[in-house]
Every structure is written in C-alpha cells, then in structure tokens.
Amino acid sequence: MKIFLDTASVEDIKTANDIIPLDGVTTNPTLIMKEGRDYVQTLKEITKIVNGPISAEPVSLDAKGMVKEGKEFAKIHKNIVIKVPMTPEGMKACRLLTKSGIKVNTTLVFSANQALLAAKAGTYLTSPFLGRLDDIGEKGTELIREIRQIYDNYRFKSQILAASIRSTDHVLEVAMMGADIATVPYKVYRQMFKHPLTDKGIKQFLDDWNKLQKELKKK
Ligand code: G3P
C-alpha cells in the first residue's frame, strides 16, 4: 500500500520524506487554510520534495470552472493530480481533464455507488472519506471493502485512496482491506512508528550497555 501525507505543511512533508520517501501528498482548501500560505507556491515547493502524485483542489463548483482551475494547477508540475468532488459536474470535469491528459482524484466519496461512477468517469484516484463516515455513526472502513470488490469485479484501473484517516487503526484496517493508498495526517504517520515495547527495548539495551561499560572500567 502506498502512503501519502495528507497535509499542506511543507515542513512536515520534508521531515516525513527524509525518513521514508513519501509516495504522494494530498492537499485541500482546509489544509492550505491551516498553513495560511499561497496555494500555488506551496504546491511548487511540495513537487520539489516528493516524487509522486500531489493532489490540488479547485474551488469551482461547475465543470468548466474546475477544468480551468485544474489546467492552471497542472502547469505547476507533471505530478499534479486535480481533485474534483463526487458530483455530476465533478464527473464531467473528470472526463474532460482525463481526456486532456490530466489525472483526477475524485474526492468526498461516501458510498460504493459513488466510487463506481467515479471509476466509470475515468478517475485516476477515488477518495472515500472514512473518518467523516465514522463521525455520523457509520463504519468508514467497510466502504473500502465494498469498493475493492467492485473495482476488482470489473477490473477498474482507478486506485482507492483511503482519506479522512484519523488513527493508526484506520491505516491498519485499510491496508488489510486492500486500499491502494492511504493518505495520512502527519500526526498519525508519526504514531505509526511507535510501540511501547520498541521504546522499552531500546532503554533496556542502553541500560545494559552502560552497566557493562561501568563494570569494564572497574577491572
Ligand atoms: O483526506 C481528506 C482529509 O483531509 C479530510 O480529513 O479529518 O477533515 O475528515 P477530515
């Protein structure tokens, strides 16, 4: 499973990418608002760090506007992927952008039928939002299982990008269910490295090493 970072923080992207190269990045208007920076400039910087798909999101609601904004974003770098919402206008834009050689990430997907339609419109990435389904009392990760089955049944090439991930359990579940990609907030990414027994083991090895050095000095 590929791991993308779900952030517009260039600093966090740099830090994470120095540990293990990231497979891609997803951004959206909310994430860029948190950083309070210029969107295009931020995307330019991200493309210099990460060698993989980087999603940029237009704010137009009509297909014509999405295509216009999407084409501008796509000029930044060949790795830019354009996000469109799962609406009829979004799917129109998906077809037009795909036809002109620009890859699309269909966002705000909350049902398997929506994912089916996105695949039929030729989307490159399909983004089911797990955490937001959990928020309304549904089981977000179940959606990944359904979409996986549909995409496999009909050999759709669109990749499932599990989004709105809130915990390391989400990452584990979507990996078990066969998502192609998980886009993970930086905080969850850092938590994935952690296990109390790893910390305990390091401490024990260090304590024993120091004990040995003291004993050797005494001899
Ligand atoms: O990946 C989409 C993400 O940015 C939305 O996450 O936590 O606002 O539902 P959240």
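We count ligands from 1, going down the list as the structure has it; atoms in each ligand are counted the same way.
Set against the non-hydrogen atoms of R166, the atoms of ligand 1 under 4.0 Å away are 7 (O), 9 (O), 10 (P). Atoms of ligand 1 found under 4.0 Å from any heavy atom of R132 (numbered from 1 in listed order, with element): 5 (C), 8 (O), 9 (O), 10 (P).
Using modelled atom types, one finds no donor on one side chain facing an acceptor on the other under 3.5 Å when comparing T198 with K200. Between the side chains of T47 and N79, not a single donor N or O lies within less than 3.5 Å of an accepting N or O. Side-chain atoms of T106 and Y124 form no donor-acceptor pair, as typed in the model, at a separation below 3.5 Å.
Distance alone, capped at 3.5 Å, is enough to place a donor-acceptor pair between the E69 side chain and the S60 backbone.
Nearest to atom 6 (O) of ligand 1 among the protein's heavy atoms is S164 CA, 3.5 Å. Among all protein heavy atoms, the one lying closest to atom 1 (O) of ligand 1 is D6 OD2, 2.8 Å.
Geometrically, ligand 1 and T26 share no nitrogen or oxygen pair separated by less than 3.5 Å.
With a 4.5 Å cut-off between side-chain heavy atoms of Ile, Leu, Val, Met, Phe, Trp and Tyr, the cluster of M176 takes in L172.
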